[in-house]
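For ligands, and for the atoms within them, numbers begin at 1 and follow the listed sequence.
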Amino acid sequence: MDNYYPVMLKMKGKRAVVVGGGKIAERKIKGLLEAGADILVISPKVTDKLLRLATDKTIKWEQKSFEPADIKGAFLVITAVNERAVNQSVQDSITDQQLFCRSDDQGEGNFILPSLFRQGKLTIAVSTSGASPGMAKKITAGFSSVYDDTFGEYLDFLDQCRKYIRTSIKDPDKRKRILTEILDEEFLNLSHKEREERFLGLCIERG
Ligand SMILES: C[C@@]1(CC(=O)O)C2=NC(=C\c3[nH]c(c(CCC(=O)O)c3CC(=O)O)Cc3[nH]c(c(CC(=O)O)c3CCC(=O)O)/C=C3\N/C(=C\2)[C@@H](CCC(=O)O)[C@]3(C)CC(=O)O)/[C@H]1CCC(=O)O
Ligand SMILES: NC(=O)c1ccc[n+]([C@@H]2O[C@H](COP(=O)([O-])OP(=O)(O)OC[C@H]3O[C@@H](n4cnc5c(N)ncnc54)[C@H](O)[C@@H]3O)[C@@H](O)[C@H]2O)c1
């Protein structure tokens with residue numbers, strides 16, 4: 001089997017159409033919302049949560065059965081309908097340029113979704129290539145004890161340091177050395193102030 005090719009998609013403002021408004025659609029929409037997508041749901045019925053999101057205009061909902069015109073111009077389409085024939089008609093309407101996930105039949109779409117763990121800027125995506133979504137979920141659940149809030153703050157610190165180094169230190173070897181040194185575990189357990197002091201010290205020593 002060919003492996004899937006993992007990517008991190010920019011979805012901000014991009015049209016994502018979700019066909020179906022049940023439990024599975026709700027779960028897929030959660031991830032799309034976190035990525036700032038422009039979400040349109042096509043479904044005769046939606047869950048209470050999706051109804052609230054539609055009422056406060058966080059998502060758009062057209063209360064109707066699927067028709068091919070609904071996905072025209074969409075960047076990404078997910079179908080999660082409890083009737084195979086409807087999911088098939090969505091698939092039949094997809095163009096070669098559209099990203100398409102078919103929730104009831106892995107082999108038929110051109111992408112699948114991983115299970116996600118997020119902590120600040122850290123995202124860990126786990127896929128079993130469709131072998132066992134339940135196992136993917138079990139694996140991601142294990143990361144919460146390893147990467148806590150402190151790690152999220154540390155990653156923000158690394159982000160700031162990297163931006164500073166990229167503009168202030170011209171020598172690529174020095175850059176690389178400092179960027180490697182701030183990955184040392186000792187930094188994780190320092191306070192924000194202590195981290196900044198250690199970092200500036202390193203820049204002076206190595207720079
Ligand atoms: C990871 C996660 C992400 C998400 O949904 O956002 C996700 N499924 C999750 C859970 C889950 N899904 C299912 C169960 C019941 C147990 C079981 O069947 O094993 C559970 C467990 C549960 O709900 O606890 C049933 C199921 N799933 C698919 C099919 C159809 C098929 O296999 O063809 C059927 C049978 C439907 C039926 O019976 O008719 C297909 C897919 N599900 C995928 C993703 C993609 C592969 C991911 C991978 O690489 O492993 C893929 C291929 C396409 C896609 O949907 O993207 C999410 C965990 C979220 C979290 O982390 O909380
Ligand atoms: N990929 C996954 O992670 C995963 C997990 C479990 C189940 N599934 C599969 O996903 C599908 C959806 O499951 P669910 O539990 O959300 O079902 P559900 O019954 O809760 O929801 C189905 C939704 O489809 C809508 N619908 C019905 N006919 C429609 C039409 N013609 N046009 C548009 N919308 C229509 C319904 O109004 C409803 O909102 C099922 O096929 C299920 O087997 C996928």
Side-chain angles (χ1 to χ4, degrees), residues 1-11 14-55 58-94 98-120 122-148:
M1 190 203 92
D2 289 335
N3 284 321
Y4 282 95
Y5 179 57
V7 295
M8 303 286 276
L9 281 181
K10 242 187 199 176
M11 285 302 300
K14 296 218 172 79
R15 172 52 62 96
V17 176
V18 178
V19 185
K23 297 174 293 299
I24 303 308
E26 184 182 302
R27 188 166 76 210
K28 308 291 188 194
I29 287 167
K30 182 173 176 275
L32 288 168
L33 273 177
E34 285 171 5
D38 170 21
I39 302 164
L40 170 63
V41 178
I42 304 290
S43 183
K45 286 188 190 154
V46 292
T47 62
D48 291 347
K49 187 159 181 214
L50 291 179
L51 178 60
R52 278 198 298 279
L53 291 171
T55 307
T58 306
I59 61 173
K60 299 180 184 78
W61 171 34
E62 288 187 22
Q63 187 168 17
K64 65 191 274 296
S65 293
F66 172 75
E67 290 168 292
D70 298 329
I71 58 169
K72 198 162 178 279
F75 175 72
L76 178 151
V77 178
I78 297 175
T79 187
V81 171
N82 51 348
E83 266 180 62
R84 222 184 137 71
V86 179
N87 291 325
Q88 185 60 48
S89 68
V90 179
Q91 184 179 336
D92 294 341
S93 314
I94 289 288
Q98 286 175 313
L99 292 170
F100 175 55
C101 173
R102 186 165 161 174
S103 298
D104 67 333
D105 196 338
Q106 178 195 352
E108 298 299 323
N110 59 20
F111 78 93
I112 60 173
L113 290 164
S115 177
L116 291 183
F117 171 79
R118 289 194 201 268
Q119 179 63 258
L122 175 69
T123 297
I124 300 178
V126 177
S127 173
T128 63
S129 309
S132 171
M135 178 51 79
K137 184 176 172 181
K138 192 171 167 183
I139 293 170
T140 44
F143 289 118
S144 55
S145 54
V146 187
Y147 299 107
D148 55 10

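Selection from S103, S115, A80 by nearest heavy atom to atom 61 (O) of ligand 1 gives S115. Residue G21 holds the heavy atom nearest to atom 23 (C) of ligand 2 of all those in A25, P44, S65, G21. Across V81, V86, T79, D104, heavy-atom proximity to atom 11 (C) of ligand 2 is greatest for V81. For atom 13 (C) of ligand 1, the nearest non-hydrogen atom from the set G134, P133, A131 belongs to P133.
At a threshold of 4.5 Å between non-hydrogen side-chain atoms, the residues I24 and I78 do not count as touching. Considering only heavy atoms from C-beta on, L99 comes within 4.5 Å of N110 through its side chain. In this structure the side chain of V126 reaches within 4.5 angstrom of the side chain of F143, judged on heavy atoms. A heavy-atom distance below 4.5 Å is not found between the side chains of W61 and L50. The shortest side-chain heavy-atom distance between I71 and I94 falls under the 4.5 Å cut-off. For the pair Q98 and K72, the minimum side-chain heavy-atom distance is 4.5 Å or more. Under the 4.5 Å side-chain criterion, counting only non-hydrogen atoms from C-beta, I29 is in contact with L33. Residues L32 and L76 form a side-chain contact, since some pair of their non-hydrogen atoms from C-beta on lies under 4.5 Å apart.
In this structure, R27 is part of the shell of residues with a heavy atom less than 4.0 angstrom from ligand 2. Heavy atoms of R84 come nearer than 4.0 angstrom to ligand 2 in no pair at all. Under the 4.0 angstrom criterion for non-hydrogen atoms, P133 is not in contact with ligand 2.
Of all protein heavy atoms, the one closest to atom 3 (C) of ligand 1 is P114 O, 3.5 Å. The nearest heavy-atom contact from the protein to atom 33 (O) of ligand 1 is Q106 N, 2.7 Å. For atom 56 (O) of ligand 1, the nearest non-hydrogen atom of the protein is L113 N, 2.8 Å. In terms of protein heavy atoms, atom 24 (O) of ligand 1 is closest to K137 NZ, 2.9 Å. Here the protein heavy atom with the shortest distance to atom 5 (O) of ligand 1 is K28 NZ, 2.6 Å. Nearest protein heavy-atom neighbour of atom 50 (O) of ligand 1: T128 OG1, 2.5 Å.
Atoms of ligand 1 found under 4.0 Å from any heavy atom of G130 (numbered from 1 in listed order, with element): 46 (C), 48 (C), 49 (O), 50 (O). Near D105, meaning under 4.0 Å from any of its heavy atoms, are these atoms of ligand 1: 33 (O). Each of the following atoms of ligand 1 lies closer than 4.0 Å to a heavy atom of S127: 48 (C), 49 (O). For ligand 1, the atoms sitting less than 4.0 Å from at least one non-hydrogen atom of D104 are 30 (C), 33 (O), numbered in the order shown with element in parentheses. Each of the atoms 49 (O) of ligand 1 lies under 4.0 Å from some heavy atom of S129.
For E26, no heavy-atom contact with ligand 2 is shorter than 4.0 Å. In C101, the part holding a heavy atom less than 4.0 Å from any atom of ligand 1 is the side chain. With a heavy-atom cut-off of 4.0 Å, R27 touches ligand 1 through its side chain alone. For R102, no heavy-atom contact with ligand 2 is shorter than 4.0 Å. Contacts of N82 with ligand 2, taken as heavy-atom pairs under 4.0 Å, involve both backbone and side chain. The proximity of V19 to ligand 2, defined as any non-hydrogen pair under 4.0 Å, is limited to the side chain. Under 4.0 Å from ligand 1, not a single heavy atom of I24 appears.
In this structure, atom 16 (C) of ligand 1 has its sub-4.0 angstrom surroundings free of protein heavy atoms. Under the 4.0 angstrom criterion, atom 39 (O) of ligand 1 counts as lacking any protein heavy-atom contact. Under the 4.0 angstrom criterion, atom 43 (O) of ligand 2 counts as lacking any protein heavy-atom contact. Within the 4.0 Å cut-off (strictly below), a protein heavy atom is located near atom 47 (C) of ligand 1. Within a 4.0 Å radius of atom 10 (C) of ligand 1, the protein has at least one heavy atom.
Without hydrogens or angle criteria, S129 side chain to A131 main chain gives no donor-acceptor distance under 3.5 Å. Here the side chain of D70 pairs a donor or acceptor atom with the backbone of E67 at under 3.5 angstrom. For D38 (side chain) and K14 (main-chain N/O), no donor-acceptor pair under 3.5 Å exists by modelled atom type. In this structure, T58 contributes its side chain and A54 its backbone to no donor-acceptor pair below 3.5 Å.
A donor-acceptor contact closer than 3.5 angstrom links the side chains of Q88 and D92. Defined by atom type and a distance below 3.5 Å, a donor-acceptor pair is missing between the side-chain atoms of T79 and R102.
Distances between N or O atoms of K64 and those of ligand 2 include no value under 3.5 Å.
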